[in-house]
Protein chains: 2
Amino acid sequence: MPKLDLFKFVPFRLNRLAAEVSLALSSEYQERYGLDIPEWRVLATIGFRNEPCSAQYISHCTRTHKSTISRAVTALMRRRLVERVENAHDRREFSLRLTRKGKALYEELIPRLLRKEKTIMAALSATEQRELARLLGKIEKNLDLVQTRQEADEKLGY
Amino acid sequence: MPKLDLFKFVPFRLNRLAAEVSLALSSEYQERYGLDIPEWRVLATIGFRNEPCSAQYISHCTRTHKSTISRAVTALMRRRLVERVENAHDRREFSLRLTRKGKALYEELIPRLLRKEKTIMAALSATEQRELARLLGKIEKNLDLVQTRQEADEKLGY
DNA sequence: TTAAGATAGTTGCAGATGCGACCATTTGGC
DNA sequence: GCCAAATGGTCGCATCTGCAACTATCTTAA
């Protein structure tokens, strides 16, 4: 009889690890700032770029369904963390950017998340961390996931 | 201004990778066999052990909420893939095991999933695969996740 | 023995999210 | 220029899943 030990099965381990890491991070963005994951992804994407971008761009970058991004953007606009302006060239789409308030939140949040990531990754040496990043990158490439900002921009014609 | 590039942020990468890998696998257990993830986790846990186990055990092993496991077990019993017997020592809990039909499905499904895992991991050499497993293990340990069947059994007093 | 607290499992409820339909607008072929 | 197809975004719907309350049973300690 063929057997499969869940604890050695990479897909299961990735799922469980991702869930656990998300949980660890959520204490930062959820409890403290009332953000959920899609909202955090929107902020992270807009905040990192210097130029405004569209909801579609965020959707593709983060591999999150456009309806989910749409709702996250609505919530963030309601809280005045994000604002949008009509695009002159294409009146279907909007350019999104952080408000002053949104920028302030972003600047407060980022160091906290980076610190949290650090404690999680502290189980690995610096070399091991680089190695993990490299291995994840190879699998991502195999699954045809966008790996860099440049790739994202190119794929979306920015 | 502090910056955080999502594409280099390990928690995001893990989330995205886990989602993508799950999607790749779901064509096997979802489309072909009509199983969702919790159901597959129940089958995998029961199928791997030779002795029957409780829903609680599955819940702890897979880090899945007991209500989710409960619903998955109900669905699997309705399909006659899993059966349960009252535990003589403790009438609150039930021992779960695969039916003949469930075992047949398990035996058909496992090789498919292992093949799928193989193609995903094919981006890495054998050495790299071992290295990835080792690194994931270290992070799991840091997050206090159960890593082996023995650990799971001990923690749950089996 | 009994009462309080713990534990196994179920279920109602609410929040989150993916799907698909939809509207408005733009693009491309003719 | 015009119509069909594609694209950006919104929204209703169904599903999934976690939480918390609940029942039933077991354990512990007085």
Side-chain angles (χ1 to χ4, degrees), chain A residues 15-16 18-20 22-23 26-27 29-31 34-42 45-46 52-78 82-96 155-158, chain B residues 15-16 18-20 22-24 26-27 29-31 34-42 45-46 52-78 82-97 155-158:
Chain A
N15 250 291
R16 192 178 56 158
E20 206 61 24
S22 284
L23 185 67
S26 75
S27 62
Y29 54 73
Q30 190 121 50
E31 283 170 32
L35 299 170
D36 61 20
I37 289 187
E39 285 163 19
W40 145 243
R41 288 185 175 177
V42 169
T45 306
I46 302 179
C53 62
S54 69
Q56 204 67 223
Y57 177 84
I58 301 172
S59 174
H60 281 105
C61 270
T62 63
R63 292 214 135 215
T64 308
H65 196 275
K66 61 178 183 168
S67 64
T68 304
I69 297 298
S70 172
R71 282 184 262 255
V73 168
T74 303
L76 292 171
M77 287 199 303
R78 192 172 300 127
V82 159
E83 62 190 2
R84 69 183 193 182
V85 294
E86 247 192 27
N87 186 328
H89 299 296
D90 187 337
R91 283 166 48 231
R92 289 171 306 179
E93 89 177 19
F94 302 92
S95 288
L96 298 164
K155 274 205 179 181
L156 295 164
Y158 273 68
Chain B
N15 249 292
R16 193 179 56 158
E20 206 60 23
S22 283
L23 185 67
S26 76
S27 63
Y29 54 72
Q30 190 121 53
E31 283 170 34
L35 299 170
D36 60 20
I37 289 188
E39 285 162 19
W40 145 243
R41 287 184 175 177
V42 170
T45 306
I46 302 179
C53 63
S54 69
Q56 204 67 224
Y57 176 83
I58 301 172
S59 173
H60 281 105
C61 271
T62 62
R63 290 215 137 215
T64 308
H65 197 275
K66 62 179 183 168
S67 63
T68 304
I69 296 297
S70 171
R71 282 184 262 254
V73 168
T74 303
L76 292 171
M77 287 200 302
R78 192 172 301 128
V82 158
E83 62 190 1
R84 69 183 193 181
V85 294
E86 246 192 29
N87 187 327
H89 298 296
D90 187 338
R91 283 165 50 231
R92 290 171 305 180
E93 90 177 18
F94 301 92
S95 288
L96 298 165
R97 64 179 182 200
K155 275 205 178 179
L156 295 163
Y158 273 69

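Residue numbering restarts at 1 for every chain, and letters A, B, ... go by the order of the sequence lines. Computed from heavy atoms alone, side chains included, the values below leave out hydrogens, waters and symmetry copies.
- The side chain of D90(B) lies closest to dT25(D), out of dT25(D), dG9(C), dT10(D).
- At distances below 3.5 Å, not a single donor-acceptor pair connects side-chain atoms of S59(B) with backbone N or O atoms of H65(B).
- Spacing between atom CD of E86(B) and atom C1' of dC26(D) amounts to 14 Å, rounded to whole angstrom units.
- For the pair R63(B) and dG18(D), the criterion of a side-chain N or O lying under 4.0 Å from OP1 or OP2 is not met.
- R71(A) contributes no side-chain N or O that forms a donor-acceptor pair with the base of dG9(D) under 3.5 Å.
- Between the side chain of T68(B) and the base of dC16(D), no donor-acceptor pair of N or O atoms lies under 3.5 Å.
- Going from atom CG of N15(B) over to atom C1' of dT17(C) covers 14 Å, rounded to whole Å.
- Residue S70(A) places at least one side-chain N or O closer than 4.0 Å to OP1 or OP2 of dT10(D).
- Contact annotation: Q56(A) side-chain N/O to dT7(D) OP1/OP2 distance is not under 4.0 Å.
- Between L76(A) and L35(A), some side-chain heavy-atom pair lies under the 4.5 Å cut-off.
- Here the C1' atom of nucleotide dC16(D) and the CG atom of L35(B) are 16 Å apart, to the nearest Å.
- If you measure from atom CD of Q30(B) to atom P of dG18(C), you get 14 Å, rounded to the nearest angstrom.
- A residue-by-residue look at A88(A) and T64(A) shows that T64(A) has its nearest nucleotide of DNA chain C further toward the 5' end.
- Closest to the A55(B) side chain, of the nucleotides dG9(D), dG9(C), dT25(C), is dG9(C).
- Rounded to an integer number of Å, the gap from CZ of R92(A) to C1' of dT26(C) is 4 Å.
- Distance CD (E93(B)) to C1' (dT27(D)): 14 Å, rounded to an integer number of Å.
- For the pair I69(B) CD1 and dC19(D) P, the computed distance is 14 Å after rounding to whole Å.
- Under the 3.5 Å distance criterion, with hydrogens and angles disregarded, a donor-acceptor pair is assigned to the side chains of N15(A) and S22(B).
- In this structure, the NZ atom of K66(B) is 18 Å from the P atom of dT17(D), given to the nearest Å.
- Nearest nucleotide to the R91(B) side chain, out of dA8(C), dT25(D), dT26(C): dT25(D).
- The closest donor-acceptor contact from the side chain of S95(A) to the backbone of C53(A) lies at 3.5 Å or more, if one exists at all.
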Could you check K66(B) against S70(B) for side-chain contact (heavy atoms from CB on, under 4.5 Å), going step by step and ending with a plain yes or no? CA-CA 6 Å; K66(B) 62 179 183 168; S70(B) 171; over 6 Å; no
